[in-house]
Protein chains: 2
Amino acid sequence: MIDALKTYLTNRAPLPDEAVQRIYSLALERRLTRNEALFNVGDVCRYKVFVVKGLLHTFNNTEDGHEHILQLSPENTWTLDVESYELQTPSRFSIAAVEHSEVLLWQKDDFDMLLREIPEFKLFAEGLIAEYVHSSRRRIFEMLSNSPEEQYDAFIQANPELAARLPLRMIAAYLGMSLKTLTRIRHAQLQR
Amino acid sequence: MIDALKTYLTNRAPLPDEAVQRIYSLALERRLTRNEALFNVGDVCRYKVFVVKGLLHTFNNTEDGHEHILQLSPENTWTLDVESYELQTPSRFSIAAVEHSEVLLWQKDDFDMLLREIPEFKLFAEGLIAEYVHSSRRRIFEMLSNSPEEQYDAFIQANPELAARLPLRMIAAYLGMSLKTLTRIRHAQLQR
DNA sequence: CCTAATTATGGTCAAATGACCTTTTTTACA
DNA sequence: TGTAAAAAAGGTCATTTGACCATAATTAGG
């Protein structure tokens with residue numbers, strides 16, 4: 001898995017080779033089968049997660065039996081429940097694999113150490129947070145202003161490859177509509 | 001306005017007095033009347049904004065004539081369009097005063113300088129970002145999983161004082177529902 | 001304090017959505 | 001490859017929501 005991490009990091013952060021080695025040296029490797037959870041609601045999120053391969057989702061099942069997907073994390077992205085990770089409190093979400101996945105994990109203490117040791121890495125991490133803030137705002141605004149059909153179209157356009165790997169019910173759970181509504185939208189679009 | 005800033009900062013960040021003075025020395029003061037805009041869609045967001053008094057909202061009017069509110073910023077909070085500010089690109093939102101407000105403004109260059117000069121301030125700013133990330137996630141999840149009535153109740157419970165200062169149509173615009181729906185919810189709740 | 005402007009409520013209707021169910025299609029994996 | 005499981009589509013009905021309208025209530029600001 002180190003190759004994937006090395007490629008990823010050297011493509012986006014100006015890190016010396018030893019830094020990449022150092023970062024990797026503190027990581028745990030883990031493979032997940034389809035539907036296998038990294039952690040569940042109520043657990044503490046102990047790791048920062050880099051997805052080397054596959055696809056994870058951060059979700060919660062409400063009492064009425066509906067799944068809601070807060071985040072989708074394909075290869076070369078990071079995931080975790082920030083709130084649980086930072087405060088080491090029980091998470092309100094689960095993170096599980098949508099398909100067979102490979103991930104690298106860092107414990108908070110280790111990751112914090114890396115951030116202190118490697119200023120370029122700290123800078124890189126800040127950039128990731130900035131991107132996350134931008135995309136959250138965009139998502140909130142889209143949820144506020146778009147009709148279900150517009151949301152679906154925007155999702156497909158922004159993530160065509162991802163959409164193809166997700167069951168429709170998960171796209172619906174990510175967009176906040178019922179599977180029925182999504183099915184209807186697709187049906188209507190086929191007519192045109 | 002310095003007193004408000006001093007109180008705010010000393011209550012949440014362990015900053016020496018000279019640091020507070022230094023931070024204030026680079027700020028611009030500005031007063032806004034009700035409905036007055038700090039900047040509009042298409043403008044670049046040139047300042048980081050601290051709300052000393054009053055209430056601002058970050059919003060966008062879609063072509064169909066609907067207002068959508070991305071953020072509400074009462075006294076002792078910060079606001080800006082991050083994406084526009086960080087990249088100095090045209091903003092997709094406007095920020096305006098809901099009621100008479102007083103704000104402090106920092107230009108990006110100046111603010112960046114402060115962050116470099118004062119490590120405790122940088123740390124404090126990181127904490128604010130973390131809080132913002134948490135609250136965005138919470139909001140997205142609530143939008144995904146709550147019914148309109150649950151959203152309204154949650155909003156009132158979380159921000160009772162704020163709700164009292166906002167016209168209902170803005171609460172609706174913040175929660176992503178029509179004024180009619182909000183009115184109906186309130187009507188139904190009165191019956192009980 | 002007055003008055004125009006804003007805000008909130010209410011009625012009615014059409015459209016959108018979800019709940020619940022069955023059937024068809026696709027996929028996982030033994 | 002065969003079969004059980006999962007996913008998607010479709011049917012029907014009740015409910016929710018929004019659009020559009022008029023009216024009542026409240027508020028801003030001179």
Side-chain angles (χ1 to χ4, degrees), chain A residues 31-36 54-55 57 59 61-69 72 96-101 143-153 155-156 162-192, chain B residues 31-36 54-55 57 59 61-69 72 96-101 143-153 155-156 162-192:
Chain A
R31 269 156 236 275
L32 297 166
T33 64
R34 193 171 106 92
N35 291 328
E36 189 179 351
L55 174 57
H57 68 312
F59 66 100
N61 289 90
T62 34
E63 331 74 50
D64 58 358
H66 287 276
E67 176 169 322
H68 301 283
I69 298 183
L72 293 166
V98 174
E99 56 188 54
H100 172 86
S101 302
M143 292 176 89
L144 284 177
S145 60
N146 286 353
S147 68
E149 177 160 13
E150 289 167 334
Q151 294 205 58
Y152 173 67
D153 290 343
F155 180 79
I156 297 294
L162 202 58
R165 291 155 69 183
L166 285 167
L168 283 189
R169 62 173 185 82
M170 285 196 184
I171 297 180
Y174 181 81
L175 297 178
M177 64 187 76
S178 69
L179 175 58
K180 178 84 202 189
T181 298
L182 194 47
T183 286
R184 276 200 268 242
I185 289 168
R186 288 162 54 88
H187 180 81
Q189 293 186 341
L190 281 179
Q191 305 304 86
R192 303 174 202 156
Chain B
R31 269 157 236 275
L32 297 166
T33 64
R34 192 171 106 90
N35 292 327
E36 188 180 351
L55 173 58
H57 67 313
F59 66 100
N61 289 91
T62 34
E63 331 75 49
D64 59 357
H66 287 277
E67 174 168 324
H68 301 284
I69 299 183
L72 292 166
V98 174
E99 58 189 51
H100 172 87
S101 303
M143 292 176 90
L144 284 177
S145 60
N146 285 353
S147 68
E149 177 160 13
E150 288 167 335
Q151 295 205 57
Y152 174 66
D153 290 342
F155 180 79
I156 297 295
L162 203 57
R165 291 156 69 184
L166 285 167
L168 283 190
R169 62 172 186 82
M170 286 197 183
I171 297 180
Y174 181 81
L175 296 178
M177 63 187 77
S178 69
L179 175 58
K180 178 83 202 196
T181 298
L182 193 47
T183 287
R184 277 201 267 242
I185 289 169
R186 287 160 55 87
H187 180 81
Q189 292 185 343
L190 282 178
Q191 307 303 87
R192 301 173 203 157

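Chain letters run A, B, ... following the sequence lines, proteins first and then strands; every chain starts at 1.
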Figure out the CD1/P separation between Ile185(B) and dT9(C), and round it to whole Å.
12 Å
Taking the side chain of Lys180(A) as its heavy atoms from C-beta onward, which of dT9(C), dG18(D), dC20(C) lies nearest to it?
dC20(C)
Nearest-nucleotide wise, let me know which of His66(B) and Leu168(A) is further upstream toward the 5' end of DNA chain D.
Leu168(A)
In this structure, how many angstroms lie between the C1' atom of dT26(D) and the CG atom of Leu166(B), rounded?
16 Å
Any side-chain N or O of His187(A) less than 4.0 Å from the OP1 or OP2 oxygen of dA9(D)?
no
Rounded to the nearest 0.5 Å, what separates atom OH in Tyr152(B) from atom CD1 in Ile171(B)?
6.0 Å
In whole angstroms, how far is the C1' atom of dA9(D) from the CZ atom of Arg184(A)?
11 Å
Indicate the ring-plane relationship of His68(A) and His66(A), choosing parallel, tilted or perpendicular according to the 30° and 60° boundaries.
tilted
Taking CG from Leu182(A) and P from dT17(C), how many angstroms apart are they, rounded to a whole number?
11 Å
How many Å lie between CG on Leu179(A) and P on dA6(D), as a whole number?
15 Å
Applying side-chain contact (heavy atoms from CB on, under 4.5 Å) between Tyr174(A) and each of Leu72(A), Leu162(A), Leu166(A), report the one that passes.
Leu72(A)
How long is the line joining CD of Glu149(A) and P of dA15(C), in whole Å?
16 Å
Enter the distance from Asp153(A):CG to Gln151(A):CD here, rounded to the nearest 0.5 Å.
10.5 Å
Hey, does the side-chain of Arg34(B) have a donor or acceptor N/O within less than 3.5 Å of a partner on the base of dG29(D)?
no
Please state how far atom CE in Met177(B) lies from atom P in dA16(C), giving the value in whole angstrom units.
20 Å
For dT9(C), does OP1 or OP2 lie under 4.0 Å from any side-chain N or O of Thr183(B)?
yes
Roughly how far, to the nearest 0.5 Å, is OG1 of Thr62(B) from CD of Glu150(A)?
9.0 Å
Whole-Å distance, Arg186(A) CZ to dG10(D) C1', equals 14 Å
Looking at the side chain of Arg169(A), which of dT17(C), dA8(D), dC20(C) is the nearest nucleotide?
dA8(D)
